[in-house]
Every structure is written in structure tokens, then in C-alpha cells.
Amino acid sequence: REEFVDLYVNYVFNESVRKPFEDFMQGFLRGCPARKWKMFLPVEFQTALQGHTEIDWHMLEKNVVYRQYTKLDQTIRNFWTVFHKLPEEKKKMFLAFLTGSDRIPGFGLEYFQILIADAETENPDEAYPFANTCSRILFLPR
């Protein structure tokens, strides 16, 4: 029985996916040659590809650039007060809304900036915040 289980597990996790994995690896190596990524430790390579999952939200706040706002404006202070009270999952959902990803790119949070700008709507009480994900801009109505 033990031999059967070992052979079955080997088939399911190794043999049955060998050809698709080899095809994937060939395509991956065409776009990212092994000599370029072998200098990374596995965890560093994972971070470079997937980004950081642990986020210092206060560092993110510190790195924000404001347009038509200052960090002392009441709207901005209210925004950050509410933001920091959110659970981690909701903060990551906000980051995904703003940037298209719930992770910070591999180059690190200290270099990651977002911009908060006034939406400049005629009636701010009837407007919703919206984002430009390509430029990482949050348009926040007053």
C-alpha cells in the first residue's frame, strides 16, 4: 500500500504535469533567461515577481504626494483617520482599487508613491472617489 501511495503521489504531483511544466519553463526562460534570475534567492525572486504582501500603511501615508491638497487639509485628515481604522483586507482592497494590485511592487514601499488629488467636482457631496490606476492617482472629492 505504501508503495502504491508513493507511486500515485509521484504521478499526480510530478509525472502528470511534467510536459505542461516543461512547456511553461521553456516559455518563462525565453522571457526571463536563467542567468538573469539565478542571482536571486527564491524568496527574493518571488518578491520581484509578485511584490510585497506585508505593507507598512503609515509608510504609504508618508509617501503620498498631494495635488490641490495638503496633508493638513480636513478632507485628507479624515481620509487617513478612516483608512487606518479599516481591517487589513479592506486596506488591500483599497490598494487594488487604486493601483490594480493588492501588493506593493518588488522595488519596495520606500519608493512607492501614490497621488491624492482634488476631484474638482461641482458638488463634492454627490461625487465618489475614483482612481487612475495607471498613474496611481486617487481623485478625492472635498
Item to check | Partner set under salt bridge (Lys or Arg N to Asp or Glu O under 4.0 Å) for Asp6, not counting sequence neighbours | outcome: none
Checklist entry - Is the count of non-hydrogen atoms from other residues, nucleotides or ligands lying under 6.0 Å from Glu15 atom CD greater than 12? => result yes
Next on the checklist: To the closest 0.5 Å, what do you measure between CZ (Arg136) and OG1 (Thr99)?
Outcome noted: 7.5 Å
Checklist entry - Short question: side chain of Arg142, backbone of Asp118 - any donor-acceptor pair under 3.5 Å? => result no
Checklist entry - Cluster question for you: counting only ILVMFWY and a side-chain heavy-atom cut-off of under 4.5 Å, with indirect links fine, are Phe28 and Phe21 together? => result yes
Checklist entry - Members other than Met93 in its cluster, when Ile, Leu, Val, Met, Phe, Trp, Tyr link by side-chain heavy atoms under 4.5 Å? => result none
Item to check | Counterpart residues, side chain to side chain contact (heavy atoms under 4.5 Å, CB included), relative to Asn132 (two or more places apart) | outcome: Cys134, Ser135, Ile137, Phe139
Next on the checklist: With heavy-atom distances below 4.5 Å as the criterion, would you say the side chains of Trp80 and Val64 are in contact?
Outcome noted: yes
Checklist entry - Is any side-chain heavy atom of Lys62 closer than 4.5 Å to a side-chain heavy atom of Asp56? => result no
Checklist outcome for this item: Output for pair (Leu138 CG, Arg67 CZ), nearest 0.5 Å, gives 11.5 Å
Checklist entry - Would a line drawn from the ring center of Phe79 to the ring center of Tyr69 be shorter than 6.0 Å? => result no
Next on the checklist: With clusters defined by side-chain heavy atoms of hydrophobic residues (ILVMFWY) lying less than 4.5 Å apart, directly or transitively, does Phe97 cluster with Leu86?
Outcome noted: yes
Item to check | Residues in side chain to side chain contact (heavy atoms under 4.5 Å, CB included) contact with Asp102, at least two apart in sequence or another chain | outcome: Lys92, Ala96
Checklist entry - CG/Leu140 to OH/Tyr128 distance, rounded to the nearest 0.5 angstrom? => result 14.0 Å
Item to check | Lys90 side chain reached by Phe94 side chain, heavy atoms, under 4.5 Å | outcome: no
Item to check | Spacing of CZ belonging to Phe112 relative to CG belonging to Leu95, to within rounding of 0.5 Å | outcome: 5.5 Å
Checklist entry - Transitively linked via ILVMFWY side-chain contacts under 4.5 Å: Phe130 with Leu98? => result no
Next on the checklist: Is there a path of hydrophobic side-chain contacts, each under 4.5 Å between heavy atoms of I/L/V/M/F/W/Y residues, joining Val43 to Met39?
Outcome noted: no
Checklist outcome for this item: For Ser16, the side chain to side chain contact (heavy atoms under 4.5 Å, CB included) test, sequence neighbours excluded, returns Tyr11
Next on the checklist: Hydrophobic cluster membership, with links at side-chain heavy-atom distances under 4.5 Å among I/L/V/M/F/W/Y: are Ile76 and Val82 in one?
Outcome noted: no
Checklist entry - Quick one: CD on Gln68 to CG on Asp73, what's the gap to the nearest 0.5 Å? => result 10.5 Å
Checklist entry - Is the number of heavy atoms from other residues, nucleotides or ligands under 6.0 Å of Glu88 CD greater than 12? => result yes
Next on the checklist: More than 12 heavy atoms of other residues, nucleotides or ligands under 6.0 Å from CD of Gln74: yes or no?
Outcome noted: yes
Checklist entry - With sequence neighbours left out, what residues match Glu110 under side chain to side chain contact (heavy atoms under 4.5 Å, CB included)? => result none
Next on the checklist: Working note: His58 + His84, criterion side chain to side chain contact (heavy atoms under 4.5 Å, CB included); need CA distance, chi angles, decisive distance, verdict.
Outcome noted: CA-CA 8 Å; His58 292 284; His84 287 301; 3.5 Å; yes
Checklist entry - Looking only at heavy atoms, which two atoms of Pro124 and Thr121 are closest? And how far apart? => result CA-OG1, 3.4 Å
Checklist entry - In Å and rounded to the nearest 0.5 Å, what is the CZ to CD distance from Arg103 to Glu54? => result 10.0 Å
